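Take a look at the structure set out below.
Computed from a prediction, not measured in an experiment: that's the story for all the values here.
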Amino acid sequence: PFSIVNCESGEEYCQVCKFGGSPKIMAVGTIDDPEFRNDLQNIDALVQKYGEDKIKAFAVVTDIKDGKSSTPLAEREALIAKIKAVKTELGVKLPIVVPSAEGGAANKEFDDYYNVTKSRTLMFADGGNSVKYSAVAPKDLSALNTAILAVVGAAAPAAPAAPAAPAAG
């Protein structure tokens with residue numbers, strides 16, 4: 001688990017721990033990526049569709065340099081203010097967080113454990129934190145939706161029925 005700072009409340013905690021045994025979506029990206037912002041709206045809509053009692057989601061804003069994400073350290077207060085403004089602008093309910101920076105140092109639990117190489121990295125884990133979906137910059141969220149259905153137990157749309165074979169005579 002890694003500690004984060006919730007940009008809205010200023011509270012520091014482990015987001016994965018807070019969501020406990022709930023299936024959860026984690027979206028990681030850079031705040032200036034318009035497609036990441038679009039993902040946040042779409043993920044928030046998925047959570048509302050299934051219900052916050054069935055699935056949770058949060059977004060981690062990070063820096064990405066040379067194909068590796070890292071804890072944003074420069075101008076954190078300005079970044080947090082920008083994140084708050086973006087959350088309001090998008091009208092999303094999901095928490096938008098940044099990795100904690102203990103004493104101004106990088107958050108090793110986040111930086112070293114998660115192999116995030118690009119903005120718009122999405123992961124979905126079941127209640128046991130086993131990853132069931134992972135993608136970078138997906139063109140849509142249909143595969144994520146399928147993974148959610150498999151975990152939360154909602155019925156997937158039925159496949160078209162095959163024509164019945166004639167009875168053997």
Side-chain angles (χ1 to χ4, degrees), residues 1-20 22-48 52 55-76 78-102 105-148 151:
F2 66 96
S3 293
I4 56 84
V5 174
N6 181 310
C7 294
E8 194 168 28
S9 69
E11 188 181 359
E12 186 172 332
Y13 55 89
C14 168
Q15 188 72 59
V16 174
C17 304
K18 183 168 183 154
F19 284 160
S22 296
K24 59 198 70 69
I25 301 167
M26 181 172 82
V28 183
T30 56
I31 197 62
D32 293 323
D33 180 346
E35 290 300 312
F36 179 61
R37 292 178 181 200
N38 190 43
D39 288 341
L40 298 183
Q41 289 180 303
N42 291 329
I43 290 166
D44 197 62
L46 271 177
V47 171
Q48 301 315 311
E52 292 181 48
I55 185 171
K56 310 287 188 195
F58 67 104
V60 181
V61 172
T62 184
D63 285 338
I64 298 180
K65 294 182 185 112
D66 303 320
K68 178 76 180 110
S69 69
S70 62
T71 304
L73 297 174
E75 302 178 15
R76 278 179 71 89
L79 174 63
I80 288 169
K82 185 174 190 173
I83 291 167
K84 284 181 181 177
V86 165
K87 181 173 180 176
T88 300
E89 174 192 326
L90 298 177
V92 296
K93 293 183 179 180
L94 61 92
I96 304 177
V97 306
V98 291
S100 298
E102 297 281 332
N107 185 313
K108 293 293 180 195
E109 287 83 6
F110 178 77
D111 292 357
D112 295 345
Y113 181 78
Y114 293 95
N115 184 27
V116 175
T117 60
K118 293 183 179 170
S119 184
R120 300 188 63 220
T121 296
L122 308 181
M123 290 169 253
F124 171 67
D126 64 14
N129 289 328
S130 175
V131 175
K132 300 298 182 184
Y133 168 89
S134 180
V136 177
K139 66 178 177 25
D140 62 43
L141 299 181
S142 60
L144 172 59
N145 189 59
T146 300
I148 293 168
V151 168

Salt bridge (charged side-chain N to carboxylate O under 4.0 Å, His left out) contacts in which one or both residues fall within residues 111-127, not counting sequence neighbours
Asp39-Arg120, Asp126-Lys132
Residues two or more places apart in sequence or in another chain: which of them pass side-chain contact (heavy atoms from CB on, under 4.5 Å) with Ser22?
Lys56
Apply side-chain contact (heavy atoms from CB on, under 4.5 Å) to residues Leu46 and Ile55 and explain how you reach the verdict.
CA-CA 9 Å; Leu46 271 177; Ile55 185 171; 6.0 Å; no
Within the side chain of Thr121, is there an N or O that forms a donor-acceptor pair under 3.5 Å with the backbone of Thr117?
no
Tell me whether Ser119 contacts the main-chain N or O of Thr30 through its side chain, where contact means a donor paired with an acceptor under 3.5 Å.
yes
Which residues pass the salt bridge (Lys or Arg N to Asp or Glu O under 4.0 Å) test with Asp33, sequence neighbours left out?
none
Rounded to the nearest 0.5 angstrom, the CD-CD distance for Glu102 and Glu109 is 8.5 Å
Taken in chain and number order and not counting sequence neighbours, the residues that satisfy side-chain contact (heavy atoms from CB on, under 4.5 Å) with Ala81 are none
Rounded at 0.5 Å granularity, tell me how far CG in Leu94 sits from CE in Met26.
13.0 Å
Among all residues two or more places apart in sequence or in another chain, which pass the side-chain contact (heavy atoms from CB on, under 4.5 Å) test with Ser9?
Asn6, Glu11
What pair of heavy atoms forms the shortest contact from Ala59 to Leu40, and how long is it?
CB-CD2, 3.4 Å
Using distance alone, with no hydrogens and no angle criterion, decide if Glu12 and Ser3 have a side-chain donor and acceptor under 3.5 Å apart.
no
Does a side-chain heavy-atom distance below 4.5 Å link Cys14 with Phe19?
no
Taking all heavy atoms of Pro99 and all of Val60, pick out the closest pair and write down the distance.
CD-CG1, 3.8 Å
Holding to side-chain contact (heavy atoms from CB on, under 4.5 Å), I want the full list of residues that pass it with Asn42, two or more places apart in sequence or in another chain.
Asn38, Leu141
Could you tell me which residues satisfy salt bridge (Lys or Arg N to Asp or Glu O under 4.0 Å) with Glu89, sequence neighbours excluded, listed by chain and number?
Arg37
Distance to the ring centre below 6.0 angstrom and angle to the axis at most 45 degrees; does that hold for Lys18 and Tyr13?
yes
Lys82: side chain to side chain donor-acceptor pair (under 3.5 Å) partners, not counting sequence neighbours
Asp32
Rounded to the nearest 0.5 Å, what separation is found between the CG atom of Leu122 and the CZ atom of Phe36?
8.0 Å
For Ser100 versus Thr71, what's the shortest heavy-atom pair and its separation?
O-CG2, 3.9 Å
Would you please test Val131 and Phe124 for side-chain contact (heavy atoms from CB on, under 4.5 Å) and show each step?
CA-CA 6 Å; Val131 175; Phe124 171 67; over 6 Å; no
Side chain to side chain donor-acceptor pair (under 3.5 Å) with Glu8: which residues, sequence neighbours excluded?
Lys87
Any side-chain hydrogen bond (donor to acceptor under 3.5 Å, both in side chains) pairs touching residues 58-68, not counting sequence neighbours?
none
Give me the one residue out of Ile4, Asn107, Leu79 that meets side-chain contact (heavy atoms from CB on, under 4.5 Å) with Val98.
Leu79
Just jot down the side chain to side chain donor-acceptor pair (under 3.5 Å) partners of Asp140, sequence neighbours excluded, or say none.
Ser142
Can you find a heavy atom in the side chain of Ile148 that is under 4.5 Å from one in the side chain of Ile25?
yes
Can you list everything that forms a ring pair (Phe, Tyr, Trp, His ring centres under 6.0 Å) with Phe110? Sequence neighbours excluded, please.
Phe2, Tyr114
Val47 vs Lys24, side-chain contact (heavy atoms from CB on, under 4.5 Å): CA-CA, chis, key distance, verdict:
CA-CA 9 Å; Val47 171; Lys24 59 198 70 69; over 6 Å; no
